[in-house]
Novice: 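Pasting a structure here, questions to come.
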Amino acid sequence: MSQVRTRFAPSPTGDLHIGGARTALFNWLFAKKMKGVFILRIEDTDVERSTQEAVQGILDAMKWLGLDWDEGPYFQSERFRLYQEVAERLLREGKAYRCYCKPEELEEKRREALKAGRKPKYDRSCLGRKVHPLNQPFAIRFLSSDQGVTVVEDVIQGRIVFDNSELDDLIILRSDGFPTYNFSVVVDDGTMGITHVIRGNDHLNNTPRQIQIYQALEFPLPRFAHVPMILGPDKKKLSKRHGAPSVMEYKKMGYLPEAVVNYLVRLGWSYGDQEEFTLEELIEKFTLEAVGRSPAAINPGKLDWLNSQYIKKKDLDELVRLFRPFLEEKGYLAPDLEFLKKIVSSLRERAKTLVEMANLSEFYFAEEVSYEEEGAKKFLTPGSLLIFEEMREALSKEKRLDRETAHRLIQQLSERQGQPLVKIAQPIRMALTGRTASPPLDEVMEILGQGRVIRRLEKAIKYIEQKEGK
């Protein structure tokens, strides 16, 4: 068997979304699994809609996901001469012909066919032309076979038979010299030696047309594998109403690339009940045969869960590095690396995303902590004044505040007041964090430090006194 060569060929007309990213991932995994070559090709023949910004966005998203390419990126816009030469070759060999029909003529023929109940196929009125008008623009049409069938042996979808009478003589080169998708993709895949075409099954109906072009050009036929579409949580076609974020939006939302890769691969591919995979495991276990035929629905909750698992297991120094930009975006700076490490360590068990971690960390940095309304009503009451005053007094006598000291002081206060620990801890938690839920209180106290804990207790005392009109 020749070396496996796969490709990912996005159009730079917008951001790289999760459907395209999953296609890229499947191609990348298969190439790695087979010790083959993964090629990145930018299909930028749509000049009006293609942008350099979108190209850069695709490259950035691929790099963020860790999907490195072995060849490329190649650009179709740099290969126009090749497409024209191949089209001319098909003309010479009688496998294509010039079409001088104007757009309005083609539209009229289409309407007439539909009115007569016929499939709106081109009627080949230019096929038998003996005289070619001078200085009149023309397109080049591929002469497709209209007899028999074209069979697609798809690795994922199985054997699919297309009736050739249903196919059309598609335009392969427009009158402006630009190639059409079905033509340029075959020329590219054939000349680049692509052995496996792995793409979304929205391209399945293009495949019989492409196979006929492969055969006309005498290119080896690649193996086709059409992966199922991705649906929204409501099992409907994924669209903007579902959020359908781009890959880089996932980054902005605080997801780790490993979690997004793990999530994407499980949209359509399965390996028993296993949910979490290292990249090495994915390369080892991935097969096209294990990709299902049915569409996969996105599950934001599953991504959140996966991301939380990766956050918990991430190397602390690396997690701090990734977390810092989200913190700075909120206007907080943490020049003390050890202080930041303590904060990340305290929150990594609770946060599903880096954005959530940044939100949860606000009370560590805020000069003035704000209280949740319901929690304040319940815990910042006259009954809590004695707790705050005694804790402030006990803290002022300590030389330093660490977790052990904090735990001891809470325990002693609980015993003196004859109250369960939770009855002591929850009011203090509200005073220090403004919330009813936080990392362990002794950990919070150590990170905040003795001075800030005392100041926040004093603020809570004043808050209660002002509320009571004292």
Side-chain angles (χ1 to χ4, degrees), residues 1-10 16-41 58 61-72 152-159 189 192-204 207 221-231 238 247 250 255-299 302-303 305-307 309-310 313-314:
M1 180 182 175
S2 60
Q3 185 183 42
V4 164
R5 292 172 64 84
T6 69
R7 50 71 165 179
F8 176 54
L16 179 61
H17 286 76
I18 59 173
R22 185 191 61 169
T23 298
L25 175 60
F26 284 1
N27 276 280
W28 186 88
L29 285 173
F30 186 69
K32 295 293 181 185
K33 163 102 175 175
M34 305 303 292
K35 296 181 169 54
V37 175
F38 173 62
I39 297 168
L40 178 60
R41 185 173 75 226
I58 291 168
M62 297 281 285
K63 289 174 183 175
W64 183 69
L65 291 171
L67 304 183
D68 53 324
W69 49 93
D70 303 299
E71 291 184 17
V152 180
E153 299 287 358
D154 196 272
V155 178
I156 296 171
Q157 304 296 333
R159 181 183 174 89
D189 287 345
M192 292 179 182
I194 302 301
T195 61
H196 292 74
V197 173
I198 305 166
R199 59 190 180 188
N201 66 3
D202 53 329
H203 288 290
L204 188 55
T207 308
L221 208 59
R223 294 295 307 277
F224 291 98
H226 288 88
V227 300
M229 301 301 290
I230 298 177
L231 304 179
L238 197 59
V247 169
Y250 278 118
Y255 292 98
L256 302 183
E258 307 96 300
V260 175
V261 165
N262 200 146
Y263 175 67
L264 288 176
V265 80
R266 295 288 282 119
L267 289 173
W269 176 82
S270 61
Y271 190 85
D273 295 328
Q274 187 172 345
E275 292 288 349
E276 294 180 66
F277 297 86
T278 65
L279 210 52
E280 292 73 20
E281 285 179 314
L282 286 176
I283 292 170
E284 175 194 346
K285 301 177 186 302
F286 182 80
T287 63
L288 291 172
E289 287 76 12
V291 176
R293 296 185 185 183
S294 301
I298 60 172
N299 182 346
K302 175 62 68 67
L303 176 56
W305 177 83
L306 274 171
N307 204 57
Q309 302 308 304
Y310 281 96
K313 297 169 186 174
K314 193 78 171 170

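Quantities reported herein were computed from a predicted structural model and do not represent experimental measurements.
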Novice: Between N307 (side chain only) and L303 (backbone N and O only), is there a donor and an acceptor less than 3.5 Å apart?
Specialist: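 Not at all, since once roles are kept as given, no pair shorter than 3.5 Å links the two residues.
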
Novice: So L306 and R266, side-chain contact (heavy atoms from CB on, under 4.5 Å) or not? Walk me through it.
Specialist: CA-CA 11 Å; L306 274 171; R266 295 288 282 119; 5.7 Å; no

Novice: So which heavy atom on V247 is nearest to which on A21, and how close?
Specialist: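 It is CG2-CB, 3.5 Å.
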
Novice: As a quick check of understanding, evaluate side chain to side chain donor-acceptor pair (under 3.5 Å) for R5 and H196, giving each step before the final call.
Specialist: CA-CA 7 Å; R5 292 172 64 84; H196 292 74; over 6 Å; no

Novice: So how far is it from E258 CD to L282 CG, rounded to the nearest 0.5 Å?
Specialist: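 Spacing of CD (E258) from CG (L282) equals 11.5 Å.
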
Novice: Donor-acceptor check, side chain of R293 to backbone of I156, threshold 3.5 angstrom: yes or no?
Specialist: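 Yes, because the side chain of R293 sits within donor-acceptor range (under 3.5 Å) of the backbone of I156.
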
Novice: Any heavy-atom pair between the side chains of V37 and M192 that's under 4.5 Å?
Specialist: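 No, their side chains stay 4.5 Å or more apart.
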
Novice: How far apart are the closest heavy atoms of K314 and L256, and which atoms are they?
Specialist: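 Smallest interatomic distance, heavy atoms only, reads CD-CD1, 4.3 Å.
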
Novice: Roughly how far, to the nearest 0.5 Å, is the CG atom of D189 from the CD1 atom of I194?
Specialist: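 Taking CD1 in I194 and CG in D189, the distance rounds to 5.5 Å.
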
Novice: Using every non-hydrogen atom in the two residues, find where D70 and G36 come nearest and quote the distance to one decimal.
Specialist: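 Heavy-atom minimum between the residues: OD2-O, 4.0 Å.
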
Novice: Could you pull out the closest heavy-atom pair between G19 and I230, with the gap in Å?
Specialist: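 Distance-wise, the nearest heavy atoms are CA-CD1, 3.9 Å.
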
Novice: At what distance, to the nearest 0.5 angstrom, does CG of D154 lie from CG of N201?
Specialist: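 Going from CG on D154 over to CG on N201, the span is 8.5 Å.
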
Novice: Does Y310 OH have over 12 foreign heavy atoms under 6.0 Å away?
Specialist: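 Yes - once you tally the heavy atoms of other residues, nucleotides and ligands closer than 6.0 Å, there are more than 12.
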
Novice: Report the residues that fulfil side-chain contact (heavy atoms from CB on, under 4.5 Å) with D68, sequence neighbours left out, ordered by chain and then residue number.
Specialist: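 For D68 the side-chain contact (heavy atoms from CB on, under 4.5 Å) partners, ignoring immediate neighbours, are W28, K32.
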
Novice: So how far is it from M62 CE to L40 CG, rounded to the nearest 0.5 Å?
Specialist: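 If I round to the nearest 0.5 Å, the distance is 5.0 Å.
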
Novice: Please walk me through it: do R7 and V197 pass side-chain contact (heavy atoms from CB on, under 4.5 Å)?
Specialist: CA-CA 7 Å; R7 50 71 165 179; V197 173; 3.6 Å; yes

Novice: Could you tell me whether the side chain of N262 and the main chain of E275 form a donor-acceptor pair under 3.5 Å?
Specialist: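 Here the side-chain-to-backbone pair exists.
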
Novice: Could you tell me which residues satisfy ring-ring contact (aromatic ring centres under 6.0 Å, His included) with Y255, sequence neighbours excluded, listed by chain and number?
Specialist: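 For Y255, the residues satisfying ring-ring contact (aromatic ring centres under 6.0 Å, His included) (neighbours in sequence not counted) are Y250.
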
Novice: State which residues pass ring-ring contact (aromatic ring centres under 6.0 Å, His included) with Y263; sequence neighbours excluded, sorted by chain then number.
Specialist: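 Partners of Y263 by the ring-ring contact (aromatic ring centres under 6.0 Å, His included) criterion come out as none, since no residue qualifies.
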
Novice: Taking salt bridge (Lys or Arg N to Asp or Glu O under 4.0 Å) as the cut-off, I'd like each qualifying pair that reaches into residues 276-290, sequence neighbours left out, listed once.
Specialist: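 Residue pairs passing salt bridge (Lys or Arg N to Asp or Glu O under 4.0 Å), neighbours aside: E276-K313.
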
Novice: Output yes when a side-chain donor or acceptor of R22 lies under 3.5 Å from a complementary backbone atom of L267, and no otherwise.
Specialist: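 Yes, the answer is positive, given that a donor and an acceptor are paired below the 3.5 Å cut-off.
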
Novice: Checking W269 now: which residues fulfil ring-ring contact (aromatic ring centres under 6.0 Å, His included) with it, not counting sequence neighbours?
Specialist: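 Here the qualifying residues are F277, F286.
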
Novice: What's the spacing between I298 CD1 and I18 CD1 if we round to 0.5 Å?
Specialist: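 It comes to 5.0 Å.
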
Novice: Please answer whether the main-chain N or O of M229 pairs with a side-chain N or O of D202 as donor and acceptor at a distance below 3.5 Å.
Specialist: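 No; judged by distance alone, with no hydrogens or angles, the pair does not exist.
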
Novice: How would you list, by chain and number, every residue that makes a side-chain contact (heavy atoms from CB on, under 4.5 Å) with P257, sequence neighbours excluded?
Specialist: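 side-chain contact (heavy atoms from CB on, under 4.5 Å) list for P257, sorted by chain: W64.
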
Novice: Hey, could you give me the CG/CG distance between L29 and L25, rounded to the nearest 0.5 Å?
Specialist: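 So the gap between those two atoms works out to 4.5 Å.
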
Novice: Looking at R41 and P10, what are the two nearest heavy atoms and their distance?
Specialist: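 Looks like O-CD, 3.2 Å.
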
Novice: Looking only at non-hydrogen atoms, find the nearest pair between L288 and V155 and report the distance.
Specialist: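 Between these two residues, the closest heavy atoms are CB-CG1, 3.7 Å.
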
